[in-house]
Colleague: 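My structure is below; once you've seen it, I'll send some questions.
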Amino acid sequence: MTTKKIQLSPLPYAEQALEPHISAETLHYHHDKHMAAYVDKLNTLIADTPFAEASSLEEIILQSEGAIFNNAAQAWNHAFYFEQFHPKPKREPEGELKAAIEKAFGSVEQLREQLERDAVALFGSGWVWLAADKHGELSIVSKPNAGNPLTEGMYPLLTIDVWEHAYYIDHRNARATGVKALWEVLCWGKIEHRYSQVGRNR
Ligand code: MN
């Protein structure tokens, strides 16, 4: 049986590129140790199962449960998380995304505040998402552990990783300041691009 290995996607910038907002040490551990471990574990788990022939991580996420789901979703979530940052980010959304944010949350600032509140409020490990339904309506979705709104037919746009490994090196126990630092490197141009894909087949 041939096995297609799931590859570890590279960081889309250098480890030090997001300093001082996210340290090189955090990115090194987060990508090369934590994310890599999920990818390695997933490859071990799917070897000699039908999932070894899956054409994408999304396909595995939508069809699996238990340990395979957890490791596939963690691999996908981390690639999605790292891709949304940029050393010179577009700092505010425009156009259709901005209009949808204002409709759902009142303002971009109110969205940021709600995401921060929900990230602090999520007990234990997990992910807080800004996601769209197929009509482009926005909502915030909090998920424990590896949870991901793809499983509800939604389109993820932005995510905050609230696992301690995401912030403990730079912020120790202070999850709130770790979340606030993300706005300094979050690229709204990338979120606008994701929003432009909402409703497309996948
Ligand atoms: Mn993480």
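Both ligands and their constituent atoms are indexed starting at 1 by order of listing.
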Colleague: Test of geometry: compute the angle NE2(H30)-the Mn ion (ligand 1)-NE2(H165) and round it to 10°.
Modeller: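 So the angle at the metal works out to 100°.
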Colleague: Take the angle between the ring planes of Y38 and H165 and call it parallel below 30°, perpendicular above 60°, tilted in between.
Modeller: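 Y38 and H165: tilted rings.
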Colleague: Just how far is it from atom CZ of F51 to atom CD of E53, taken to the nearest 0.5 Å?
Modeller: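 Separation between the atoms: 12.5 Å.
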Colleague: Quick one: is the NZ or CZ of R194 closer than 6.0 Å to the six-membered ring centre of F80, and within 45° of its axis?
Modeller: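 Ring-cation test returns yes.
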Colleague: Below 30° counts as parallel, above 60° as perpendicular, anything between as tilted: where do the rings of H78 and H30 land?
Modeller: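 Judged by the thresholds at 30° and 60°, the geometry between H78 and H30 is perpendicular.
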Colleague: To the nearest 10°, what's the angle at the Mn ion (ligand 1) between atoms NE2 (H78) and OD2 (D161)?
Modeller: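 With the Mn ion (ligand 1) as the vertex, the angle is close to 110°.
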Colleague: Could you confirm whether H34 has any N/O/S atom lying under 2.8 Å from the Mn ion (ligand 1)?
Modeller: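 Here the distance criterion (N, O or S atom, under 2.8 Å) is not met by H34, so no.
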